[in-house]
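First, the structure itself, so that you have it in front of you.
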Amino acid sequence: MLQDKHVTLTVSGSVASYKAAALARALQRAGAQVRVVLTEAASRFITPATFAALTKQPVLTDAGWWQADGNIEHIELADWTELALAAPASANLMAQFANGLANDAASTTWLATAAQKVVVPAMNSHMWAAPATQRNRQQLIADGVTVLEPATGALAEGYSGQGRFLEPDEIVAQLQALPAPAAAHGDLRGKRVLVTAGGTRERLDPVRFLTNDSSGKMGYAVAAAAQQAGADVTLITAPTKLTAPVGVTTVPIESTQDLADAVNARFPRTDVLIMAAAVADFQPVTAADQKIKKTPDNDQLTLTLRKTPDILQGVADQKRPGQIVVGFAAETQNLLANGQKKLTKKHLDLLAANDVSRADIGFNGDNNQVTFLFPDGHQQQTPVAAKPVIAGLLIEQVAGLLNTKK
């Protein structure tokens, strides 16, 4: 992934800026050619001379951004770039990128490049959790940017929280796992891809429902990766707090029956179905018309549940030659055995099995790790990586399956 890759490293103002020097060296050890853009705030923590010495290349700063010498340095650098890496990325830099600002060397170079883009945040935990930062993060993901999840640990303020800059070797490992941008090869160009996401809800009464902890992040990342690969993507989504990827048709649903109806209506026209939604397996036999009230006589409440529709089993009977159906298995025990049973029973072309009992890759997290299971029995485990990275690896597998069915 990084051998001979042209990497532009954008360093923003952060106490972690000093680690960017070690990151530049780690990228070089992995075979990358590195050039650096330094924001004005970053230059208060670490000097351009440090990066010039390490990379043997001039460093682009605001001071030398636009000189009357006939060169447009930020455009030249943007065109040279094959991987744009912002690390560490402050909350301010993320806001600039998410809103398309072009008011300094860093943001203008970033906006001008068509290269693959990765952001590695570093900031105070409260700044990371702020709604504005999370909104900007979602916008970056919707724009096709891979945003790595910051670590949890000791912060400059003297307490622990999420927002700590990832260690350079870990960043390089995640970059090594990044799939090549599929859109550059037209892997899914002309294909119709249907993706499901989020946790379905089964109503108990007008204000309560049964559901699960799914955030929808994995399904949304898959939809974005498929769209970036050139596909015509429809995303059927249960309620989430996420912003739909740009260019993707969105179909909102709530219950498992809603999801089944939406999938069944669109499956005949679909080339690829990727079922990333966390579907409720059971629903109440009856739902109350009004809110269920507590009374002195009802210390206990008994619910009678029935199975919800098995959507994957249903589409298996409709599947035509050449169609690809991909499932997810979110398990808490016997991951591979349970995944293999689901793959075989549902007649899937590919299944992504993930252990949601693990805190680092479970529901709601930004990272994931899956094992791809195939009908011929072979398996392939991904590294622990950001969900957009895992989504890209999944889309690579889907593109390969489509090629074998031509």
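The analysis underlying the following values was restricted to heavy atoms, covering all of them including side chains, and did not include hydrogens, waters or symmetry mates.
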Please report the interatomic distance CG(Asp355) to CG(Asn334), rounded to the nearest 0.5 Å.
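Here the rounded value is 10.5 Å.
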Sequence neighbours excluded, the answer for salt bridge (Lys or Arg N to Asp or Glu O under 4.0 Å) partners of Asp310 is Lys346
* Could you walk me through whether Gln283 and Gln257 pass side-chain hydrogen bond (donor to acceptor under 3.5 Å, both in side chains), step by step? => CA-CA 10 Å; Gln283 62 186 177; Gln257 187 60 58; over 6 Å; no
Could you give me the CA-CA distance, side-chain angles and deciding distance for Arg320 and Asp271, then say whether salt bridge (Lys or Arg N to Asp or Glu O under 4.0 Å) is met? CA-CA 9 Å; Arg320 68 174 188 274; Asp271 297 300; 3.6 Å; yes
Which of Asn103, Thr39, Asn136 passes side chain to side chain donor-acceptor pair (under 3.5 Å) with Gln96? Answer is Asn103
Problem - Between Thr234 and Thr249: side-chain donor-acceptor atoms closer than 3.5 Å - result: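 No pair is found: no donor N or O on one side chain lies under 3.5 Å from an acceptor on the other.
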For Asn338 and Gln333, which I'm curious about, is there any donor-acceptor pair between the side chains at under 3.5 Å? no
Would you check, one step at a time, whether the test side-chain hydrogen bond (donor to acceptor under 3.5 Å, both in side chains) holds for Tyr220 with Ser215? CA-CA 10 Å; Tyr220 275 61; Ser215 65; over 6 Å; no
Interatomic distance, CD@Gln323 vs CG@Asp349, rounded to 0.5 Å, equals 9.5 Å
Run the side-chain hydrogen bond (donor to acceptor under 3.5 Å, both in side chains) check on Thr256 and Thr200 step by step: do they pass? CA-CA 6 Å; Thr256 302; Thr200 59; 3.0 Å; yes
* Asked: Taking the six-membered ring for Trp, are Tyr159 and His126 parallel (under 30°), tilted (30 to 60°) or perpendicular (over 60°)?
  -> tilted
- Query: Is the closest basic N to carboxylate O distance between Arg306 and Asp281 below 4.0 Å?
  - Reply: no
### Query
Do you know the tightest heavy-atom contact between Phe328 and Lys342?
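What the structure gives for the nearest pair is O-NZ, 2.6 Å.
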- Message: For Thr47 and Thr50, which I'm curious about, is there any donor-acceptor pair between the side chains at under 3.5 Å?
- Response: yes
Quick note, ring pair (Phe, Tyr, Trp, His ring centres under 6.0 Å) partners involving residues 84-106, not counting sequence neighbours, are Phe97-Trp110
What I'd like to find out is whether the side chain of Trp128 reaches to under 4.5 Å of the side chain of Pro121, using heavy atoms alone.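 Answer yes - side chains close enough.
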Salt-bridge contact Arg189-Asp232 (side-chain N to carboxylate O under 4.0 Å) = no
Exercise for review: Give, for atom CG of Leu83 and atom OG1 of Thr81, the distance between the pair rounded to the nearest 0.5 Å.
Suggested key: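 Interatomic distance, Leu83 CG to Thr81 OG1, rounded to 0.5 Å: 8.5 Å.
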Reported CZ-to-CD1 distance for the pair Phe51 and Ile46, which is rounded to 0.5 angstrom: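 Interatomic distance, Phe51 CZ to Ile46 CD1, rounded to 0.5 Å: 4.0 Å.
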Next on the checklist: Using side-chain hydrogen bond (donor to acceptor under 3.5 Å, both in side chains), reason through Arg358 and Gln369 one step at a time and then give a plain yes or no.
Outcome noted: CA-CA 10 Å; Arg358 287 176 50 181; Gln369 180 181 45; 3.0 Å; yes
query: Can you find a heavy atom in the side chain of Met123 that is under 4.5 Å from one in the side chain of Ser90?
result: no
| field | Ionic contact status for Lys387 with Glu149, cut-off 4.0 Å | value |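 Salt bridge: no.
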Note to self: Could you tell me if the side chain of Val37 sits less than 4.5 Å from the side chain of Thr8, heavy atoms only?
What the structure shows: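 They are in side-chain contact.
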Pair Ser255-Glu202, side-chain contact (heavy atoms from CB on, under 4.5 Å): steps then yes or no
CA-CA 6 Å; Ser255 70; Glu202 305 301 331; 4.0 Å; yes
Does a side-chain heavy-atom distance below 4.5 Å link Arg29 with Asp169? yes
SB check Asp205 Lys291 (cutoff 4.0 Å):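 Lys291 and Asp205: not salt-bridged.
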Separation between CG (Leu60) and CZ (Arg35), nearest 0.5 Å, reads 8.5 Å
